[in-house]
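In what follows, a single structure is set out as structure tokens and then discussed.
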Amino acid sequence: MVNAHLSNSDRPLTLAVVGDVHDQWSTDDANALYQLGVDLVLFVGDFGNESVDVVRAIAALELPKAAILGNHDAWYTASSWGKRQCPYDHNQEDRVQQQLDLLGDDHVGYGCRNFPTLGISVVGARPFSWGGSTWKNRRFYRDRFGVTSFADSTAKIIAAANQASTTTLIFLGHCGPLGLGDRAHDPCGRDWQPVGGDYGDPDLAQALGYLVAMGKHIPLVAFGHMHHRLRHSEQLRISLCRDARNTFYLNAASVPRIITVEGTTLHNFSLVSLYQGQVNTVHQVWVDAQGTIAQSHQLHPQLVPTIQVSLKSCLTDLTTGE
């Protein structure tokens with residue numbers, strides 16, 4: 001039983017999780033969030049291909065928020081391939097740094113954002129993650145963050161969690177942890193050729209396993225990256241599961257997140273109700289510009305899959321990459 005004092009709030013909190021944006025953000029999104037009356041907004045990244053203007057608009061959102069940048073947010077910077085495709089001069093501007101500067105403390109990659117009035121702390125996983133058990137973009141991580149391996153990355157995530165001032169930790173990643181299943185439709189399953197395989201982040205899994213063993217209370221891990229619609233199947237990705245400790249793992253990447261239905265433009269959010277340190281309800285909703293929920297899919301309480309998450313040492317026999 002979770003201690004009732006885990007949260008300073010004596011009322012349910014509403015968290016809005018915004019899945020991969022991919023340049024789909026407008027003033028209507030901000031208006032919808034204001035009208036929904038959410039307490040906290042979590043952004044899982046992939047705002048666009050280093051789309052500074054999109055990040056600037058989101059940074060201006062006047063609501064409590066936390067964000068992590070995704071692989072597309074360093075699309076032209078992290079890899080040699082991306083640099084060759086870059087439409088601007090890296091000697092003249094650094095759009096990765098521009099995004100980090102715009103978000104400031106709201107960017108929690110390798111960091112922690114405390115919300116004491118809400119009774120929760122948001123801890124960030126590895127920013128700019130591509131997912132998978134290969135250490136990618138090693139020069140980028142070495143130069144930007146002083147990180148040279150999964151082990152280094154795990155240590156930074158744990159250090160960030162130790163900066164939490166509350167006892168309820170919400171984890172925010174671009175990709176989810178390794179250990180949520182290896183089928184294409186699992187939360188972090190590979191849906192491109194060859195189909196199948198667990199493409200979660202080993203360092204996030206390792207950090208979560210360590211922190212849980214140390215007694216940390218983690219009711220929610222929110223992420224995106226792996227889109228709900230699969231490339232080689234009509235089956236939709238599993239977007240929510242939980243483990244035996246009642247930690248919920250939410251993949252919020254409904255792409256495209258803005259659609260038109262019968263002439264009405266609808267915006268996608270995942271709404272999580274948190275009460276006394278526990279996930280109470282989870283809904284995937286489509287909202288119009290006035291903040292009216294036009295469609296709602298209840299994910300919890302429902303028959304949410306309970307999985308045997310393997311958050312143990314995943315750091316052996318991992319290959320390295322650029």
Side-chain angles (χ1 to χ4, degrees), residues 18-23 42-52 54-56 58-59 65-88 90 93-113 122-157 159-160 171-178 188 199-207 221-227 251-253 255 318-322:
V18 182
D20 296 27
V21 172
H22 290 298
D23 291 307
L42 303 176
F43 293 91
V44 304
D46 271 7
F47 297 106
N49 289 350
E50 300 189 18
S51 298
V52 174
V54 174
V55 172
R56 180 178 291 109
I58 286 170
K65 59 186 178 297
I68 191 166
L69 291 167
N71 60 302
H72 278 266
D73 303 315
W75 193 250
Y76 301 119
T77 303
S79 68
S80 295
W81 174 90
K83 290 177 182 177
R84 290 194 297 270
Q85 306 298 318
C86 186
Y88 65 90
H90 277 104
E93 57 181 322
D94 184 345
R95 294 187 183 177
V96 168
Q97 191 60 49
Q98 288 177 47
Q99 293 172 90
L100 289 167
D101 291 343
L102 283 166
L103 291 170
D105 292 340
D106 289 332
H107 183 254
V108 296
Y110 285 147
C112 178
R113 191 86 158 97
V122 180
V123 180
R126 171 167 40 102
F128 305 105
S129 172
W130 289 68
S133 296
T134 298
W135 183 249
K136 301 178 181 70
N137 306 323
R138 57 185 176 87
R139 293 181 181 86
F140 174 81
Y141 281 108
R142 180 196 64 196
D143 295 344
R144 297 274 175 169
F145 301 103
V147 171
T148 61
S149 65
F150 281 117
D152 285 352
S153 184
T154 296
K156 286 188 75 73
I157 297 169
F171 266 78
L172 183 62
H174 178 56
C175 190
L178 191 73
C188 299
Y199 223 67
D201 282 345
D203 45 348
L204 177 54
Q206 179 78 0
V221 180
F223 53 93
H225 185 51
M226 300 298 205
H227 299 175
N251 181 334
V255 178
L318 297 172
T319 58
T320 59
E322 180 192 7

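As the structure is a computational prediction, the values presented were derived from the model and not from experiment.
- At least one side-chain heavy atom of Tyr76 sits less than 4.5 Å from a side-chain heavy atom of Pro87.
- Considering every non-hydrogen atom in both Met226 and Asn251, the closest pair reads O-ND2, 2.9 Å.
- Annotation for Ser129 and Asn71: closest pair O-CB, 3.4 Å, computed over non-hydrogen atoms.
- The minimum heavy-atom distance linking Glu50 with Trp75 is given by the pair OE2-N, 3.3 Å.
- Counting only heavy atoms from C-beta outward, the side chains of Phe128 and Val96 approach each other to under 4.5 Å.
- The side-chain heavy atoms of Pro127 and His107, taken from C-beta on, include a pair separated by under 4.5 Å.
- At least one side-chain heavy atom of Phe171 sits under 4.5 Å from a side-chain heavy atom of Ile157.
- No side-chain heavy atom of His174 sits under 4.5 Å from any side-chain heavy atom of Phe223.
- When side chains are defined from C-beta on, Asp23 does not count as touching Phe47, because their heavy atoms never get closer than 4.5 Å.
- For residues 144-154, the salt bridge (charged side-chain N to carboxylate O under 4.0 Å, His left out) pairs, not counting sequence neighbours, are Asp94-Arg144.
- Of the charged side-chain nitrogens involved, at least one lies within less than 4.0 Å of a carboxylate oxygen, so that Asp201 and Arg126 count as a salt-bridged pair.
- Taking the six-membered ring where the residue is Trp, Trp135 and Phe150 present perpendicular rings, their angle passing 60° and hence far from 30°.
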* From CA spacing to verdict: side-chain hydrogen bond (donor to acceptor under 3.5 Å, both in side chains), His90, Thr77 -> CA-CA 8 Å; His90 277 104; Thr77 303; 3.2 Å; yes
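- The shortest non-hydrogen separation linking Cys188 to Cys175 is SG-SG, 4.3 Å.
- Looking only at side-chain heavy atoms (C-beta outward), Val54 and Val21 come within less than 4.5 Å of each other.
- Using a 4.5 Å heavy-atom cutoff, the side chains of Arg95 and Glu93 are in contact.
- Between the side chains of Ser153 and Asp203, a donor-acceptor pair is found at a separation under 3.5 Å.
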